[in-house]
Number of protein chains: 2
Amino acid sequence: MGITKTQMFTEKQNDLAQFFKVLGHPARVAILQYISNQNACICNDLVEEIGLAQATISQHLKELKTIGLLKGEVEGKSMCYCINIERWNAVQNQLNLFFNTTKSNCC
Amino acid sequence: MGITKTQMFTEKQNDLAQFFKVLGHPARVAILQYISNQNACICNDLVEEIGLAQATISQHLKELKTIGLLKGEVEGKSMCYCINIERWNAVQNQLNLFFNTTKSNCC
DNA sequence: ATATAATATCGTAATATTGCAATATGTAAA
DNA sequence: TTTACATATTGCAATATTACGATATTATAT
């Protein structure tokens with residue numbers, strides 16, 4: 001089929017996979033790292049910095065915003081994107097919970 | 001284009017994204033959780049347990065093996081898959097490093 | 001109001017992923 | 001060696017993702 005059969009998994013499993021998936025693209029990793037390295041909030045220097053087209057960057061930002069890792073505020077004619085630190089920490093905790101509760105029982 | 005332009009990112013960014021990506025599918029999350037919940041090492045009860053076709057499960061297992069999170073041993077006519085705990089911990093550390101070094105400077 | 005700049009959205013092409021049936025391969029028992 | 005079972009691989013169809021040009025939208029300045 002090719003479509004992921006989300007209905008056969010739990011909501012938690014789907015949510016967890018969704019976080020991993022959004023972080024699973026190097027452009028989005030790079031965007032998050034770049035934003036975090038600026039003293040001020042950065043808008044679309046990202047286009048120059050990362051080297052993808054404006055439309056592409058905008059799309060990646062949207063995905064990061066959708067899962068709540070970024071928030072954006074209007075700042076003059078540009079947008080000020082920044083990491084939503086509460087959400088950030090919450091996601092980190094979720095991922096760690098997954099790692100910690102999944103242990104080896106092996107061979 | 002549709003192809004991810006990996007060459008414009010650092011090796012670390014690509015590696016990190018790769019880990020996230022492999023974990024970014026609910027079937028693979030479910031597989032890891034199921035294996036970790038068994039006392040003994042589990043082979044392909046996964047097919048019954050998860051409800052995807054044998055070929056599909058085998059494919060997911062392969063991806064998890066490729067990034068080293070699972071290791072498999074022959075056990076009679078079946079395979080004993082289990083979590084590679086050293087790798088598991090190493091990946092968890094990598095992800096936490098990413099989360100911890102990416103902080104908010106915002107708005 | 002108009003022009004300019006920044007960002008978002010739309011449409012589309014290229015590529016990747018998911019899933020399965022069919023088949024191949026490997027392993028153990030008869 | 002034949003049979004039976006478990007797993008892996010192949011080939012393919014359906015769907016999803018990535019990327020970008022073109023265009024729309026939004027906001028400020030003139």
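The sequence lines fix the lettering, A, B, ..., with proteins before strands; numbering per chain opens at 1.
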* To do: Determine the contact category for A:I57: base if any of its heavy atoms lies under 4.0 Å from a base atom, sugar-phosphate if only primed atoms, P, OP1 or OP2 are that close, otherwise nothing.
  => nothing
* Within less than 4.0 Å of OP1 or OP2 of C:dA8, is there a side-chain N or O belonging to A:S58? -> yes
* **Phosphate OP1/OP2 of D:dA16: any A:K21 side-chain N/O under 4.0 Å** => no
* Where the side chain of A:A53 is defined as all heavy atoms beyond and including C-beta, which of D:dT7, C:dG19, D:dC20 is the nearest nucleotide? -> D:dC20
* May I have all residue pairs that pass side-chain hydrogen bond (donor to acceptor under 3.5 Å, both in side chains) and include part of residues 90-99 of chain B, sequence neighbours excluded? => A:Q92-B:N96, A:N96-B:Q92, A:N96-B:N96, A:N100-B:Q92
* Who passes side-chain hydrogen bond (donor to acceptor under 3.5 Å, both in side chains) against B:K77, sequence neighbours left out? -> none
* Asked: Between D:dT18 atom P and B:M8 atom CE, what is the distance in whole Å?
  -> 14 Å
* Whether over 12 other heavy atoms sit under 6.0 Å from B:Q7 CD -> yes
* Would you say a side-chain N or O of A:T56 is under 4.0 Å from OP1 or OP2 of D:dC20? -> yes
* Asked: Between A:T66 and A:K62, is there a donor-acceptor pair closer than 3.5 Å when you use the side chain of the first and the backbone of the second?
  -> yes
* To do: Would you mind reading off the distance between B:L52 atom CG and C:dT17 atom P, rounded to a whole angstrom?
  => 17 Å
* To do: Please check if the side chain of A:N84 supplies one atom and the backbone of A:K71 the other of a donor-acceptor pair under 3.5 Å.
  => no
* **Rounded interatomic separation in angstrom, taking CG from B:L46 and P from D:dA8** => 11 Å
* Structure fact -> From the candidates C:dT18, C:dA8, D:dT7, the one with an atom nearest any side-chain atom of A:M79 is C:dA8
* Asked: By ring-ring contact (aromatic ring centres under 6.0 Å, His included), which residues pair with A:F99, not counting sequence neighbours?
  -> B:W88
Exercise answer: donor-acceptor pairs, residues 24-33 of chain A side-chain atoms, under 3.5 Å, sequence neighbours excluded:
residue, atom, partner, partner atom, Å
A:H25, ND1, A:A27, N, 3.0
A:H25, NE2, B:T4, OG1, 3.3
A:R28, NE, A:V22, O, 2.6
A:R28, NH1, A:H60, ND1, 2.9
A:R28, NH1, A:E63, OE2, 3.1
A:Q33, OE1, B:Q13, NE2, 2.8

* Asked: D:dT18 P sits how many Å from A:I31 CD1, rounded?
  -> 11 Å
* Donor-acceptor under 3.5 Å (B:S58 side chain, B:Q54 main chain) -> no
* Interatomic distance where CD belongs to A:E73 and P belongs to C:dA8 [whole Å] -> 13 Å
* Are the side chain of B:T56 and the backbone N or O of B:L52 linked by a donor-acceptor pair below 3.5 Å? -> no
* So which one's nearest nucleotide on DNA chain D is more toward 5', B:T6 or B:S78? -> B:S78
* Between C:dT7 (C1') and A:E48 (CD): distance, integer Å -> 15 Å
* Which parts of nucleotides 22-30 of chain D does protein reach within less than 4.0 Å, heavy atoms only, written one letter per nucleotide 5' to 3' as B for base, S for sugar-phosphate only and - for none? -> -----SS--
* Has A:Y81 got a side-chain N or O lying under 4.0 Å from the OP1 or OP2 atom of C:dA6? -> no
* Which of residues 59-66 of chain B sit near DNA chain C, with a heavy atom under 4.0 Å from it? -> B:Q59, B:H60, B:E63
